[in-house]
4 protein chains.
Amino acid sequence: MKKNKPKYKLIIDAAVEVIAENGYHASQVSKIAKKAGVADGTIYLYFKNKEDILVSVFEEKMGQFIEQIVSATSEKEDANKKLLTLIEMHFRQLAEDHYLAIVTQLELRQSNIDLRLQINNVLKPYLVVIDEIIKEGIEQKLFRDDLNRKLVRQMIFGTLDETVTNWVMKDEKYDLVSLAPSVHALITNGLSVK
Amino acid sequence: MKKNKPKYKLIIDAAVEVIAENGYHASQVSKIAKKAGVADGTIYLYFKNKEDILVSVFEEKMGQFIEQIVSATSEKEDANKKLLTLIEMHFRQLAEDHYLAIVTQLELRQSNIDLRLQINNVLKPYLVVIDEIIKEGIEQKLFRDDLNRKLVRQMIFGTLDETVTNWVMKDEKYDLVSLAPSVHALITNGLSVK
Amino acid sequence: MKKNKPKYKLIIDAAVEVIAENGYHASQVSKIAKKAGVADGTIYLYFKNKEDILVSVFEEKMGQFIEQIVSATSEKEDANKKLLTLIEMHFRQLAEDHYLAIVTQLELRQSNIDLRLQINNVLKPYLVVIDEIIKEGIEQKLFRDDLNRKLVRQMIFGTLDETVTNWVMKDEKYDLVSLAPSVHALITNGLSVK
Amino acid sequence: MKKNKPKYKLIIDAAVEVIAENGYHASQVSKIAKKAGVADGTIYLYFKNKEDILVSVFEEKMGQFIEQIVSATSEKEDANKKLLTLIEMHFRQLAEDHYLAIVTQLELRQSNIDLRLQINNVLKPYLVVIDEIIKEGIEQKLFRDDLNRKLVRQMIFGTLDETVTNWVMKDEKYDLVSLAPSVHALITNGLSVK
DNA sequence: AATGAATGAGGCTTCATTCAT
DNA sequence: CATGAATGAAGCCTCATTCAT
């Protein structure tokens, strides 16, 4: 399996750095190869083409990202705590990996639609995690049972994504993780005075 | 002022169609010129460069978009009704203009970061509108007064944007506008059982 | 029509020279552009791709080649004289255009099969000319009427082609045109003592 | 001597198949190695470079080809019968080996001129055989004694080669070997009514 | 003001060959 | 002898922009 070969990870990590530093469109294969310390041709022993590098970057990094969240949320008992944990982990992981934040929030969105559809596939497991928390919350009678669950998921993901993108675009000047409780409160309690 | 010359609008409209039909990366200047019925060189009498076309597209279309929303919300009395109207108008305008929906939700996001920063500037007035509704809601004691307003704005915009993008990516197969009340309820009342 | 534009001919002629001087595989598009005195990109205003240049080279040059032969043979009365004229013209035209001889006999044969099939299409009118001379010769009772005409055509073309190729490969050291009567005699009278 | 080692022949045969199946330009060394069941590097223990494989292919196959013809013609008594036998054997061997026919008539001609000059060297013994038959025919007073023998050889080889190439390009749809007597008659008796 | 022919920089990918094991 | 992972040079083509008319 190619993913276990040492150069595979080398190239993936180089790609993240190069994309974060140069931007998506200025990320030539030759730049990635140089940063990874391999020949240009070597890239093509591990990846079908340039797009395959990018999809793989997302798969690898997003895979770990989601795994961390799944693992952390599964330890919590109720849906409310799970949701808070999900938000915290979402923010924390991106706050801790500057390159990853830039790549996922800004650069990979410049890819063409085909690639974006593939990226969406990678994201699906994350959306499933959110779905399950919503379902659990309803079962536990913590969340209202008249909810359009798909809409709820879109609200949660849209809110987190927009929050992180704003933070990245503001050069990460404030503490993202500390926003988690407020975001959680907003999502669960809404705007209205009770 | 160039914007009043007849070919300016011709080119802008051609650009929207070309981008919607071909996708951002397959939208060459020559294609836009052809669709507009002008020579390639003529484009450069009205626009500094290709990026300027795209920014202008966004400015023109987004300007109208926001104007409609401002006008519609100003007629409503309280912040709750204003927010519902904003959501409805946001959804309706994109639902009614297929090309605009594709261009704003999918294609223009493939532009490079510089362009995206300019697009963000164009978006600012819309964010201000949201801000003002929030402020008004707090003053009218409809919304809680312990809110991080910037966060609220990100939640609102992130939720709407994610909802529309999902709808576009699902080929606009369901009725977007009819989702407005549910989205409004979610945002104002949150997930939790009261 | 592109063929009437001055740069079209310029590029075709440059291509013949470049191919003759450098060989088929070392004939980069950029070399042809340089020799033609145009930018690389200009080539693509007149030709679809590199292969299109090569097919066009063959079409243009072979078109003239065949036209000359048709015109010269049509003035002759009987099939024997027509055949002699065809052989002479075939030899003379290649003997007079060193570049053309190299390109048709040696370089274009290195092209891939798709291109060769297209080249064969261009050659068809020439084969038709040969066919008609054979037919006429039979009608005039100059040639035997028990001939497999396709085979005769292959013999004639194969003999001429092999003769020219040998001459080119021997660096055109002897007079090709003066061989015409002998070749004609061979073809019409065969090897055998009568 | 390397030629006696088992892998030498293995590689030669693999090369013929790969070239016949994929075409000259799509015949990578790695494909030949795979078909031969050896590592890429092993090829270079037996051959200097890729061109050396191709020359060797031609040497080996053409060597057998010529040997068969020499052996068969030497049993015949007069030059006429020898020539007929040569034509029959030429056709038969290619008709019986589909791969060889494609490789010699179509694919190897795409090689560059250096390689083609080497291939011509390999062909020389065949041309010598033809020369000797012509000479014998003249001595036996079967053929005219005013012949330009080099020209005759070119006619014979050109005719056979063109006939076979046409047959290969027509997907070998008709019986090549049965054409031998007609070709022989054409060459010996010519076109003219006696 | 309008044209559109011409420009030319720039990057992904292939594949013959090498060499450490 | 044999392997096969790694190398890295090399070229076709696109398309935003210009400028002579």
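Throughout, a chain's letter reflects where its sequence line sits, starting with A, and its residues are numbered from 1.
If D:Gly37 and A:Val38 are placed on DNA chain F by their nearest nucleotide, the residue sitting closer to the 5' end is D:Gly37. For the pair A:Ala26 and C:Ala39, nearest-nucleotide mapping onto DNA chain E gives the more 5' position to C:Ala39. Mapped onto DNA chain E by nearest heavy atom, A:His25 and D:Gln28 fall at different nucleotides, with A:His25 at the one closer to the 5' end. The residue among D:Thr42 and C:Ser27 whose nearest nucleotide of DNA chain F is located toward the 5' end is D:Thr42.
D:Asn49 places its CG atom 9 Å from the P atom of E:dT18, with the value rounded to the nearest Å. Here the C1' atom of nucleotide E:dG11 and the CG atom of A:Asp40 are 10 Å apart, to the nearest Å. The interatomic distance linking D:Lys31 (NZ) with E:dT14 (P) rounds to 12 Å, in whole Å. One can place OH of A:Tyr46 at 8 Å from P of F:dA5, the figure rounded to the nearest angstrom. Put simply, CG on A:Asp52 is 14 Å from P on E:dC12, counting in whole angstrom units. Between B:Lys48 atom NZ and F:dA16 atom P the separation is 16 Å, expressed in whole Å. Between A:Glu51 atom CD and E:dT13 atom C1' there is a gap of 15 Å when expressed in whole angstrom units. Rounded to an integer number of Å, the gap from A:Tyr24 OH to E:dG11 P is 14 Å.
The shortest side-chain heavy-atom distance between C:Leu94 and C:Phe65 falls under the 4.5 Å cut-off. With a 4.5 Å cut-off on side-chain heavy atoms, B:Leu54 and B:Phe47 do not count as touching.
No engagement by C:Lys34 is indicated, since no non-hydrogen atom pair under 4.0 Å with the nucleic acid exists. When heavy atoms are screened at a 4.0 angstrom cut-off, B:Lys7 is found touching the sugar-phosphate backbone but no base atom.
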Item checked: Derivation and outcome, side chain to side chain contact (heavy atoms under 4.5 Å, CB included), residues C:Leu106 and C:Met169 -> CA-CA 9 Å; C:Leu106 302 184; C:Met169 281 197 157; 3.9 Å; yes
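Across all strands shown, the partner of F:dT3 is E:dA20, judged by Watson-Crick or G-U wobble contacts whose two distances both fall under 3.5 Å. Judged by Watson-Crick or G-U wobble contacts below 3.5 Å, the nucleotide E:dT14 has F:dA9 as its partner.
Of the possible donor and acceptor atoms, one in the side chain of D:Lys50 sits under 3.5 Å from a partner among the backbone N and O of D:Ser27.
Among the nucleotides F:dA2, E:dA6, F:dA5, the one closest to the side chain of C:Leu45 is E:dA6. Listed nucleotides E:dT17, F:dT7, F:dT17 differ in distance to B:Lys50; the shortest reach to its side chain belongs to F:dT17.
The shortest distance between the side-chain N/O atoms of B:Ser30 and the OP1/OP2 oxygens of F:dC15 is not below 4.0 Å. Between A:Tyr44 and F:dT7 there is no side-chain N or O to OP1 or OP2 distance below 4.0 Å.
The line from CD1 of A:Ile102 to CG of A:Leu108 is 12.0 Å long, rounded to the nearest 0.5 Å.
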